[in-house]
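Here the structure comes first, spelled out in structure tokens, and everything after it is commentary.
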Amino acid sequence: MTAILLKSPEEIEIMREANQIVAQALALVRKNIVQGISTLQLDKLAEKFIREQKAVPAFKGYRGFPGSLCVSINEQVVHGIPSKKVKLREGDIVSIDCGVKYKGYYGDAAITVPVGTIDQDTEKLIAVTRESLQKAILQVQSGNKVTDISTAVQEYVEKNGFSVVRQFVGHGIGQNLHEPPEIPNYVRKERSPKLMPGMVLAIEPMVNAGTADVRILKDGWTVVTQDKKPSAHFEHSVAVTENGPLVLSSGTED
Ligand code: MG
Ligand code: MG
């Protein structure tokens, strides 16, 4: 699949509903982020809520992924597997990525949340990552290019002394969880697609406190920073409209 699929206003409305289920699931998880809770407990809370909304957790079973959420702590960047053995501790940061399928369409969003009091540098890492996503969303304008989104993220992150992950990128979203185009968080030299009304983009900066290098753990999923420094992740699904960006997963902010 190479073509970028445009969505009708009716499809975008269904995708807004799907993404609002994601946003509400994330809000529920955020409320339950306390020292001592296991990442599997968070996963179960989200799954129950999602199914009550007549939606399906999108990640569960995706290429064999066992969880409804990806829960990634500290140096884990993305794709952490929920586990009853992993309990949150004061001073951790935890990235929660949630996807659902609803009426045939996907929603996808992520937040990073502190557990209790965290150190100032890590607080700044979370703030800069969240702000880089806001800068990216401002570039979601018909006639701009995907690379304008990438530039906004990379410039803001690097100006603040952090680095953007290269190996994982944002994506188009619709009746598939991942569709063209890729939305890198860094500038690529190649030609970049033009943004058009009807495109829906999952924009997801992954920002490392140290270097950009990452590796995958032996579990085959969990992505961690090479230098073991912390990493943060925020994601919104955003539609391109004639009137600028429409954030379908709005409401995940604290
Ligand atoms: Mg996601
Ligand atoms: Mg995504």
Side-chain angles (χ1 to χ4, degrees), residues 1-8 10-26 29 42-43 46-47 49-51 53-72 76-82 95-112 133 136-137 140 146 149-150 165-185 193 195 198-206 214 216 219-223 233-240 245-252:
M1 184 170 48
T2 53
I4 299 173
L5 301 170
L6 300 181
K7 282 80 185 177
S8 68
E10 293 73 22
E11 290 178 292
I12 289 174
E13 176 51 27
I14 297 170
M15 292 189 71
R16 196 187 62 78
E17 292 171 24
N19 276 287
Q20 283 303 303
I21 295 169
V22 171
Q24 288 166 25
L26 287 173
V29 171
L42 297 176
D43 183 84
E47 178 171 3
F49 175 80
I50 291 164
R51 293 194 190 282
Q53 314 310 308
K54 308 263 183 286
V56 176
F59 302 162
K60 195 158 198 154
Y62 182 84
R63 296 186 186 163
F65 188 80
S68 294
L69 300 174
C70 296
V71 186
S72 310
Q76 298 177 353
V77 180
V78 286
H79 303 166
I81 300 173
S95 299
I96 308 286
D97 194 346
C98 181
V100 308
K101 189 178 191 184
Y102 180 71
K103 297 182 181 172
Y105 291 83
Y106 285 91
D108 190 7
I111 54 175
T112 299
L133 175 55
I137 290 167
V140 178
V146 167
I149 296 170
S150 310
V165 171
R166 267 71 167 170
Q167 282 94 326
F168 298 88
V169 297
H171 50 92
I173 182 168
Q175 288 177 285
N176 307 284
L177 181 57
H178 299 117
E179 294 182 358
E182 290 195 347
I183 319 282
N185 296 302
L195 301 182
M199 289 182 182
V200 184
L201 310 173
I203 305 172
E204 47 181 318
M206 288 153 257
V214 299
I216 299 176
D219 64 20
W221 281 104
T222 312
V223 179
H233 179 212
F234 282 85
E235 178 177 25
H236 269 308
S237 293
V238 185
V240 185
L246 179 61
V247 181
L248 303 178
S249 50
S250 62
T252 62

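Both backbone and side-chain heavy atoms feed into the values below; hydrogens, waters and symmetry mates do not. As the structure is a computational prediction, the values presented were derived from the model and not from experiment. All residue numbers in this chain count up from 1 along the given sequence.
Distance alone, capped at 3.5 Å, is enough to place a donor-acceptor pair between the Asn19 side chain and the Asp108 backbone. For the pair Ser237 (side chain) and Ser249 (backbone), a donor-acceptor distance under 3.5 Å is absent. In this structure, the side chain of Glu182 does not engage the main chain of Gly170 through any donor-acceptor pair within 3.5 Å. No donor-acceptor pair under 3.5 Å is formed between the side chain of Lys54 and the backbone N or O of Lys103.
Between Ile203 and Glu235 there is no side-chain heavy-atom pair separated by less than 4.5 Å. Here the side chains of Leu195 and Leu201 are in contact, with some heavy-atom distance below 4.5 Å. By the 4.5 Å heavy-atom criterion applied to side chains, Ile4 and Pro193 are counted as neighbours. Residues Tyr105 and Val200 have side chains not in contact (no heavy-atom distance under 4.5 Å, counting atoms from C-beta outward). Side-chain contact check for Arg16 versus Glu13: some heavy-atom pair is nearer than 4.5 Å. The shortest distance between side-chain heavy atoms of Tyr62 and Leu177 falls below 4.5 Å. Glu17 is listed as a side-chain neighbour of Tyr102, based on a closest heavy-atom distance under 4.5 Å. Proximity of Tyr106 to Val100: side-chain heavy atoms (C-beta onward) are nowhere separated by under 4.5 Å.
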Residue pair Glu179, Ile173: steps toward the side chain to side chain contact (heavy atoms under 4.5 Å, CB included) verdict: CA-CA 5 Å; Glu179 294 182 358; Ile173 182 168; 5.9 Å; no

Pair Asn176-His178, side chain to side chain contact (heavy atoms under 4.5 Å, CB included): steps then yes or no: CA-CA 5 Å; Asn176 307 284; His178 299 117; 6.0 Å; no

If you apply the rule side chain to side chain contact (heavy atoms under 4.5 Å, CB included), what do you find for Val165 with Val78, and how did you get there? CA-CA 10 Å; Val165 171; Val78 286; over 6 Å; no

Go through the steps for Ile111 and Ile96 under the test side chain to side chain contact (heavy atoms under 4.5 Å, CB included), then give the verdict. CA-CA 5 Å; Ile111 54 175; Ile96 308 286; 4.3 Å; yes

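Residues Ala3 and Pro180 come closest through the heavy atom pair O-CG, 3.7 Å. Considering every non-hydrogen atom in both Val146 and Pro181, the closest pair reads CG2-CG, 4.0 Å. In this structure, Leu69 and Asp43 approach most closely via the heavy-atom pair N-OD1, 2.8 Å. Of all non-hydrogen atoms in Val238 and Pro245, the two that sit nearest each other are CG1-CB, 3.8 Å. Pairing each heavy atom of Ile81 with each of Thr222, the nearest pair is N-OG1, 4.1 Å. Between Phe59 and Cys70 the shortest heavy-atom distance is CD1-SG, 3.9 Å.
By the side-chain hydrogen bond (donor to acceptor under 3.5 Å, both in side chains) test, Glu204 is found to be paired with His171, His233, residues two or more places apart in sequence or in another chain being considered. With sequence neighbours excluded, the residues that form a side-chain hydrogen bond (donor to acceptor under 3.5 Å, both in side chains) with Ser68 are Glu47. Applying the side-chain hydrogen bond (donor to acceptor under 3.5 Å, both in side chains) rule to Gln24 yields no partners; only residues at least two apart in sequence or on another chain are considered. Contacts of Phe49 classified as ring pair (Phe, Tyr, Trp, His ring centres under 6.0 Å), with partners at least two apart in sequence or in another chain: none. Residues satisfying the side-chain hydrogen bond (donor to acceptor under 3.5 Å, both in side chains) criterion with His79, sequence neighbours excluded, are absent altogether. Phe65 pairs by the ring pair (Phe, Tyr, Trp, His ring centres under 6.0 Å) definition with Trp221, not counting sequence neighbours. Every residue two or more places apart in sequence or in another chain was checked for a salt bridge (charged side-chain N to carboxylate O under 4.0 Å, His left out) with Lys101, and none qualifies.
Rounding to the nearest 0.5 Å gives a distance of 9.0 Å between CD1 of Ile12 and CG of Leu6. Taking OG of Ser250 as the start and NE2 of His236 as the end, the distance is 7.0 Å to the nearest 0.5 Å.
Each of Ile137, Leu133, Val140 was scored for a side chain to side chain contact (heavy atoms under 4.5 Å, CB included) with Val247, with one residue passing: Ile137.
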